[in-house]
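Everything on this sheet refers to the single structure shown next.
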Number of protein chains: 2
Amino acid sequence: MAGRKIRNMEEFAELSGISRPTVSKYFRDPESVRKSSRMRIEAALEEYDYRPNIFAINQNRKLTKTVGILVPYLADPFFAEIVRMIEWRCIDAGFWPIVFSAHGRQDLENNALATLQSLKPAGALLAPLGRHSDLESVRRFAEEVPTIVFDSNVNVGEAFVGSDNFQSIGLIVDYLCRTGEAPCFFEMQPVNPNANKRREAYTRSMERLGYEPMVVQVEGAGWEFERIGKEGGIRLISEKALPSDTILCSNDRLAIGLIAAAYETGRRVGHGPGCALRIAGHDDHPWARFTCPPLTTVSQDYEAIAEKSADLLFQLIDKGAPPPRREEILCEGKLVLRVSA
Amino acid sequence: MAGRKIRNMEEFAELSGISRPTVSKYFRDPESVRKSSRMRIEAALEEYDYRPNIFAINQNRKLTKTVGILVPYLADPFFAEIVRMIEWRCIDAGFWPIVFSAHGRQDLENNALATLQSLKPAGALLAPLGRHSDLESVRRFAEEVPTIVFDSNVNVGEAFVGSDNFQSIGLIVDYLCRTGEAPCFFEMQPVNPNANKRREAYTRSMERLGYEPMVVQVEGAGWEFERIGKEGGIRLISEKALPSDTILCSNDRLAIGLIAAAYETGRRVGHGPGCALRIAGHDDHPWARFTCPPLTTVSQDYEAIAEKSADLLFQLIDKGAPPPRREEILCEGKLVLRVSA
DNA sequence: CTTTTTTCTTTACGCCCGTAAATTTTATGG
DNA sequence: CCATAAAATTTACGGGCGTAAAGAAAAAAG
């Protein structure tokens with residue numbers, strides 16, 4: 001494939017000895033042409049290294065093979081991981097995934113949606129910012145593009161895939177209450193519906209078990225959750241303002257910050273003797289197993305969320321028609337017992 | 001902008017009362033048309049919400065406004081951060097960044113390069129896999145597309161931007177030797193030139209200071225550095241196989257794993273009294289300040305690397321011609337003293 | 001107000017490919 | 001070997017835009 005330069009499909013078709021429409025058909029679906037033709041085309045491909053012009057292809061296809069993926073913050077390991085898994089599935093299914101990050105900002109989210117829409121994608125997988133989303137924009141987008149929403153349920157799109165916060169929080173509240181002091185709930189200002197649901201789930205679980213819910217909210221905006229958790233944690237610990245020595249964090253990143261705060265203030269974290277604090281998180285972030293001590297948490301089922309949302313989208317694209325009513329698929333979390341609580 | 005649907009530029013031009021070629025000119029550069037025309041177009045834009053078809057635009061332009069960004073592993077916070085910064089600059093400079101991740105695999109890197117090339121980007125910013133790269137593919141790509149290589153110097157492209165490993169490693173080796181036992185060097189099998197340079201820099205620094213270099217390599221492939229560091233660390237610590245109680249890790253992610261290993265085996269980390277190990281890293285990863293204890297490390301200058309590589313690319317795109325010889329820009333690291341060493 | 005310059009409009013062509021219709025070739029089965 | 005079905009070819013058009021050329025209109029300069 002080091003031969004001369006190929007300008008376009010016309011030229012390539014000539015060199016391969018097959019007509020251009022047939023070559024075009026081959027590139028849409030290699031199985032759709034006769035075997036002998038396929039082999040001649042592939043022989044020519046070996047020799048000449050031609051690739052059809054993506055722009056010209058997509059200009060004329062009503063159904064692009066592009067799938068848009070938008071997440072609120074790609075530098076968050078949760079999204080990085082889940083995007084990795086989704087990209088994978090898209091490629092396997094013959095789609096061309098293209099990733100956007102809103103970098104935590106509404107204007108960039110809107111921008112990404114607009115750019116994405118002009119790419120005329122076959123579909124989109126959106127994890128909206130949540131509280132900071134311009135819901136009207138998201139809705140308008142979803143009206144034009146087959147859209148599955150994941151992670152952050154903003155009641156837009158043909159379906160939602162996410163975690164069952166009531167189940168997962170229930171699980172860990174049960175565990176914590178059964179094995180020691182009832183937990184307080186450590187959160188920052190909620191950025192998306194998950195945070196709210198988790199707080200509510202915590203409150204309900206506590207009440208169900210006959211405890212008084214205790215919610216502690218720390219100051220801080222933005223996506224530097226660890227810093228917020230650490231700074232807030234240091235203040236709360238040194239002021240002895242924590243209503244319980246068992247702390248359930250709204251997510252693992254806050255928990256990582258809180259563990260750092262405990263270290264800095266000399267409190268030993270864990271469930272053994274001599275430990276001052278028990279700290280638990282939620283999500284099972286990629287880094288949760290490497291904290292000191294390793295973080296007890298509830299896993300989000302990354303694989304399941306990635307798989308279900310992708311499959312649902314492919315289904316939606318194939319069917320053409322949206323489902324009769326908006327589906328909401330909730331994946332269950334699993335208790336991940338480590339040392340911190 | 002809730003008016004009727006606009007099909008194409010023709011229709012939009014008609015509605016705005018300006019001819020299509022002028023509208024086309026406007027979209028390429030709004031300043032290039034007369035003010036009165038610009039205002040009429042913008043008024044129509046307010047009302048009708050039209051966006052030119054990206055595919056049709058790029059098909060006819062020789063110089064696309066796309067900039068490709070390829071990193072080896074986007075779920076690594078170092079790359080996530082630096083991509084975030086680069087994307088930013090591209091958007092500011094009026095380009096359209098598009099991000100690819102090789103997910104640590106050669107076939108996906110090649111795939112991404114091919115896809116990227118068929119997008120006819122104005123330029124590309126590549127952080128190659130390194131040892132696992134198909135250098136011939138990368139080279140062929142760089143011959144066609146103005147390319148800046150960053151992070152991993154594989155001697156391809158018009159320029160390289162990265163860290164000065166000799167400077168940064170020298171800095172931390174000096175510090176560690178001055179304040180306690182001379183460090184051994186903790187690494188895994190090198191995945192890219194940086195890892196090799198760092199080992200070499202360590203060796204030289206040690207010899208310069210009159211110490212015997214001690215390199216410890218742990219088993220493990222792939223991009224789960226923390227796991228590799230932790231598992232290797234546990235083995236080395238429990239077998240008392242570490243040649244020094246001060247350990248300089250090839251990067252922060254390994255160090256995070258090693259700190260977890262020290263915790264698990266009950267060794268206290270830090271430079272104070274009662275500490276069994278001093279552990280230092282390299283990179284100043286976003287998570288390095290949240291380890292327990294916080295990680296002493298050498299920062300890579302993320303901002304500088306992102307800025308210089310992006311600026312260099314824009315310059316290259318404007319100039320049209322490559323620089324007389326391949327530039328190599330090395331950014332200096334800064335010592336980041338925390339508690340772990 | 002006239003001349004010069006700038007900018008716009010009109011017209012037209014091309015980019016590279018998808019795709020439809022009509023025709024020809026090739027494969028399949030009896 | 002022929003009839004039929006399947007697949008390929010030829011021909012033709014269109015998509016949405018860039019862009020060039022020529023002439024008209026508007027702005028700037030005198």
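Below, read A as the first sequence line, B as the second, and so on, with proteins coming before strands; counting in each chain starts at 1. Here the structure is a predicted model, which is why all the values come from computation and not from measurement.
- Distance CD1 (B:I6) to C1' (D:dG16): 14 Å, rounded to an integer number of Å.
- Under the 30°/60° scheme for interplanar angles, the aromatic rings of B:F314 and B:F95 are found to lie parallel.
- The phosphate of D:dT9 (OP1 or OP2) has a side-chain N or O of A:T22 nearer than 4.0 angstrom.
- Distance CD1 (B:I18) to P (D:dA25): 15 Å, rounded to an integer number of Å.
- Contacts of B:R28 with the nucleic acid, taken as non-hydrogen atoms under 4.0 Å apart, involve only primed sugar atoms and P, OP1 or OP2.
- Among the atoms of the strands shown, only primed sugar atoms or phosphate atoms (P, OP1, OP2) are found under 4.0 Å from some heavy atom of B:S37.
- In this structure, A:Y26 does not reach the C:dC17 phosphate: none of its side-chain N or O atoms is under 4.0 Å from OP1 or OP2.
- Judged by atom type and distance alone, B:Q59 reaches the base of C:dC16 through a side-chain donor-acceptor pair under 3.5 Å.
- The CD atom of B:E14 sits 19 Å away from the P atom of C:dC8 (whole-angstrom rounding).
- Proximity note for B:M9 (side chain, C-beta onward) versus C:dC16, C:dG18, D:dC17: the nearest is D:dC17.
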Next item on the list: Start with the C-alpha distance between A:L108 and B:W88, add both sets of side-chain angles, then the distance that settles side chain to side chain contact (heavy atoms under 4.5 Å, CB included), and finish with yes or no.
Entry: CA-CA 10 Å; A:L108 291 179; B:W88 208 258; 3.1 Å; yes
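- Taking 3.5 Å as the limit, the base of D:dT19 and the side chain of B:R20 contain a donor-acceptor pair of atoms between them.
- Put simply, the side chain of A:N53 and the base of C:dC16 share no donor and acceptor less than 3.5 Å apart.
- With rounding to whole Å, A:I57 atom CD1 is found 14 Å from D:dG15 atom C1'.
- Under the 4.5 Å side-chain criterion, counting only non-hydrogen atoms from C-beta, A:F78 is not in contact with A:V71.
- Taking 4.5 Å as the limit, every side-chain heavy atom of A:I98 sits out of range of all side-chain heavy atoms of A:V67.
- Here A:P21 lies in heavy-atom contact (under 4.0 Å) with a base.
- B:S19 has no side-chain polar atom (N or O) that falls below the 4.0 Å cut-off from OP1 or OP2 of C:dT10.
- Following rounding to the nearest Å, A:N8 (CG) and C:dG14 (C1') show an atom-to-atom distance of 12 Å.
- For D:dG18, the OP1/OP2 oxygens have a side-chain nitrogen or oxygen of B:S24 closer than 4.0 Å.
- The nearest whole Å value for the distance from the NZ atom in A:K25 to the P atom in D:dA7 is 7 Å.
- When rounded to the nearest whole Å, the span between CZ of B:R38 and P of D:dA26 equals 19 Å.
- No side-chain heavy atom of B:F160 sits less than 4.5 Å from a side-chain heavy atom of B:E327.
- For the pair A:F55 CZ and D:dG18 P, the computed distance is 13 Å after rounding to whole Å.
- For D:dC17, its base sits under 3.5 Å from the side chain of B:N60 at one donor and acceptor pair at least.
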